[in-house]
Amino acid sequence: MEQKAQGQGEPTNERAAEILDEIGDMLDILDESTFRVRAYHKAAASVRSLTRPIADIYREGGVKALDEIPGVGSHTALRLEELIATGRLPYYEELREKIPESVTELMVIPGIGPKKAKKIYETLGISTLDELMSAITEHKVEHIPGFGRKTEENILRGIRQYEKMHERILLSQAYPIAHEIVDSLRRQPFVDRANTAGSLRRMKETVGDIDLLASSEQPLKVMEYFTTIPQVAYILATGETKSSIIVKNGLQVDLRVVAPNEYGAALQYFTGSKPHNIHLRDIAKKRGLKINEYGVFESDTDRRLGGRTEEEVYGTLDMETPPPAIREDKGEIEAAMRRSLPRLIRHEDIKGDFHIHTNWSDGINDIETMVEMARSLGYAFVTISDHAEKLRIAGGLTKEELQEQLEAIAGLNEKYDDIEILTGMETNIDNDGEVDFGPEVLRKLDVVIGSIHGGFRQSKEQLTRRMVRAIENPYINIIAHPTGRILGQRPPYDIDLHEVFKAAAATGTFLELNAYPNRLDLKDDHLREARDAYGCKFAIDTDAHVAGNMLYMEYGVVTAQRGWLTKEDVLNTYEVPEIRRMLRLKR
DNA sequence: GCCGTTTTCGGCCCGACTGTTTTCAGTCG
Ligand SMILES: Nc1nc2c(ncn2[C@H]2C[C@H](O)[C@@H](COP(=O)(O)OP(=O)(O)OP(=O)(O)O)O2)c(=O)[nH]1
Ligand SMILES: [Mg+2]
Ligand SMILES: [Mg+2]
Ligand SMILES: [Zn+2]
């Protein structure tokens, strides 16, 4: 029998995490201890969020290094070693003999957990979604002991819901939907306060649903309003503190409603993340306190100590309040206890944008329009960085055209005294790591960007070599969208980021945080790794192809925050003379 | 299965909503 865990060579982090999750699910179905089950899921989440391939970690530090991954203990470290070394995991395969893959797959349906999946499998001998659908049509499911007519209906709805929508959506797509509902809630006289919460408030690059919080003295009125807004397609559940709806595009929206003096505790709870909450509550518990969404309490007396504001919740534990963007249980709780939270970069720190296209290549607007947009954003500078000639499909500029553009920019710079237009170009890194132009052209430019636009399927060695050569080119200042991923469309190319970060730090080459909402590349965790382990510096760029795109800077800044970056880490927070000085250091 | 300035054993966050249940399990946040 062909198993996914077999003979596939070294597992990616994602594959290893999937296997750990599936083991957790199988143990869950087998009625194992919930703590063991949780341990597997926790280890899976930890492996999934690593910034380095586990195979590399293992090669460098052996089992000991695997053991040091949070949530991975001696036992799982050995299992991962087996998996990395042989491409197989006998323990996983043994469990699979008892529980077929298709049974754990039933658990993707909202409303079907380990117990229902097990009953469906054992009672009806059903393990696939198709079989389940026919069993529902024949009304066999409602006769499973403990199930009923409504259970069957809900499973059917669950399947429909899953088929319509089960992917995470871009933060930028969820954001306006969320704020439209928040705004409408705020307009209701019976609503005291309303806010976004969950991953959307933490500004995660994608969100699984929209989480909203409101406070009110009349919670039932709020729920009645919420479940009848025009966006509603289906009401999943509604009670006096919590309701869930599905909106027209298939997305789920959860609303929690609490009393006004509980707002801070509820916001803390509902902002999460889940690991952050669990860690925080664990600390409270060890101090004889209890935290829930209604407040902080003394465990033995249930006396309420606070919860009006988030600061009160964290303050009761003698902690600073971590910004929502970093509440991922990746060190922020410890930092908040030491009172040494990072001073994260703010949007106001941004003084300009280095990556802007115009109608000289594949942009929509002319130079002046882009400059006017930059001025309206209060920027001190903007760099025009059109594509170069090798990227024909993007209307790349020849060196003659570039010369013309430089003259046009010189003219515009005469006209403005409140903004400086820097000259630049986005060059294409070819298969040999060379770019469109040599020093005689590039030396005329203030800022040179290099990026990969093709050959994504090359070997890791080749891709890495190309990139590192470009980084070593003394004229290239910024590497744009370093991993090439496009959320929901294209995975990152297979490149050795360790080599890229090392070379960038050694040469004084800035790594881009491309703020385009479906790129956000480098991503949050990579930014943090590149800075902390390598000392890299960054530029947050919008890669605007039309003036309005320059507003994407906001998504770049929040992603930088999620990567724990401070103002000092980011080139476009400096004054122009200082930027020029830093750019010249490389040449 | 993981983990440790009170522990290497004994804990592991805490609660809402639903359906099928005569008292709570399952799923989800
Ligand atoms: N204490 C506690 N809080 C939880 C738990 N599950 C969820 N929460 C809180 C923290 C989450 O951020 C918040 C919203 O839950 P979601 O499932 O929507 O997660 P979140 O929005 O973080 O991520 P998402 O993008 O929706 O997958 O509810 C839990 O098991 N325990
Ligand atoms: Mg959510
Ligand atoms: Mg939610
Ligand atoms: Zn570009």
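All values below were derived from every heavy atom in this structure, side-chain atoms included, with hydrogens, water molecules and symmetry-related copies excluded. Naming convention: chains lettered A, B, ... in sequence-line order (proteins, then strands); numbering from 1 in each chain.
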Query raised in the report: Would you call A:R48 and A:D21 a salt bridge, using N to O less than 4.0 angstrom?
Result: yes
Query raised in the report: Quick one: A:L66 CG to B:dG1 C1', roughly how many Å, whole number?
Result: 16 Å
Report summary line: Comparing A:K42 with A:K116, nearest DNA chain B nucleotide closer to 5' gives the residue A:K42
**Report entry** Distance, rounded to the nearest Å, where A:H75 contributes NE2 and B:dC3 contributes C1'
**Finding:** 15 Å
Requested in this report: Write down the distance separating the C1' atoms in B:dT23 and B:dG19, rounded off to the nearest Å.
Outcome: 14 Å
Query raised in the report: Below 4.0 angstrom, N of the basic side chain to O of the carboxylate: do A:R36 and A:E32 qualify?
Result: yes
**Report entry** Interatomic distance at P, B:dG11 relative to B:dT7, whole Å
**Finding:** 14 Å
Query raised in the report: Under 4.0 Å between a Lys/Arg side-chain N and an Asp/Glu carboxylate O for A:R15 and A:E22?
Result: yes
Query raised in the report: Taking atom P of B:dT27 as reference, at what distance in whole Å does atom NZ of A:K150 sit?
Result: 18 Å
Query raised in the report: Taking CD1 from A:I235 and C1' from B:dT18, how many angstroms apart are they, rounded to a whole number?
Result: 14 Å
**Report entry** Rounded C1' spacing from B:dT20 to B:dA25 in Å
**Finding:** 10 Å
Query - Distance, C1' atom - from B:dT8 to B:dG15, rounded to whole angstrom - result: 32 Å
Query - For atom CD of A:E68 and atom C1' of B:dC3, their distance in whole Å - result: 14 Å
Requested in this report: Mind calculating the distance between NE2 (A:H41) and C1' (B:dC2) to the nearest angstrom?
Outcome: 15 Å
Report summary line: In whole angstroms, the gap separating P of B:dG29 from CG of A:L267 amounts to 19 Å
**Report entry** A:E310 and A:R201 ion-paired at < 4.0 Å
**Finding:** yes
Report task. To the nearest Å, give me how far apart CG (A:D28) and P (B:dG26) are. Result -> 10 Å
Report task. Describe the nucleic acid contact of A:V37 in one word from base, sugar-phosphate, nothing, applying a heavy-atom distance below 4.0 Å. Result -> nothing
Query raised in the report: Are any of the side-chain nitrogens in A:E60 or A:R52 under 4.0 Å away from the carboxylate oxygens of its partner?
Result: yes
Query raised in the report: Can A:H143 and A:F147 be said to form a ring-ring contact (aromatic ring centres under 6.0 Å, His included), step by step?
Result: CA-CA 6 Å; A:H143 298 301; A:F147 286 36; over 10 Å; no
**Report entry** Which residue lies more 5' along DNA chain B, comparing A:I112 with A:Y40 via nearest heavy atoms
**Finding:** A:Y40
Query - Any side-chain donor near an acceptor of the partner, A:D25 and A:T104, under 3.5 Å - result: no
Query raised in the report: C1' atom, B:dT22 versus B:dC13: distance in rounded Å?
Result: 30 Å
**Report entry** Syn or anti conformation of B:dT7, syn meaning chi within 90° of 0
**Finding:** syn
Query raised in the report: Does A:E82 pair with A:R88 as a salt bridge, N-O distance under 4.0 Å?
Result: no
Query raised in the report: Think A:Q252 has a side-chain N or O under 4.0 angstrom from the OP1 or OP2 of B:dG29?
Result: yes
**Report entry** Residue-phosphate contact under 4.0 Å: A:T151 side-chain N/O, B:dT20 OP1/OP2
**Finding:** yes
Query raised in the report: Quick one: do A:K330 and A:E328 make a salt bridge, cutoff under 4.0 Å?
Result: no
Query - B:dG19 phosphate, OP1 or OP2, under 4.0 Å from A:N154 side-chain N/O - result: yes
Requested in this report: Please map the stems of DNA chain B, keeping only stretches of three or more Watson-Crick or G-U wobble pairs with both distances under 3.5 angstrom.
Outcome: B:1-4 with B:9-12, B:14-19 with B:24-29
Report task. Mark up nucleotides 9-17 of chain B, 5' to 3', with B wherever a protein heavy atom is under 4.0 angstrom from a base atom, S wherever such an atom reaches only the sugar-phosphate, and - elsewhere. Result -> ---BBBSSS
Query raised in the report: So which heavy atom on A:K204 is nearest to which on A:L171, and how close?
Result: O-CB, 3.3 Å
Query raised in the report: If you measure from the P atom in B:dT6 to the same atom in B:dC2, how many Å do you get, rounded?
Result: 23 Å
Requested in this report: Can you tell me, in whole Å, how much space there is between the P of B:dC12 and that of B:dC17?
Outcome: 25 Å
**Report entry** Intermediate values then yes/no, salt bridge (charged side-chain N to carboxylate O under 4.0 Å, His left out), A:K64 and A:D67
**Finding:** CA-CA 5 Å; A:K64 187 162 168 292; A:D67 197 347; over 6 Å; no
Query raised in the report: Within the structure shown, what part of the strands sits under 4.0 Å from A:R287 by heavy-atom distance: base, sugar-phosphate, or nothing?
Result: nothing
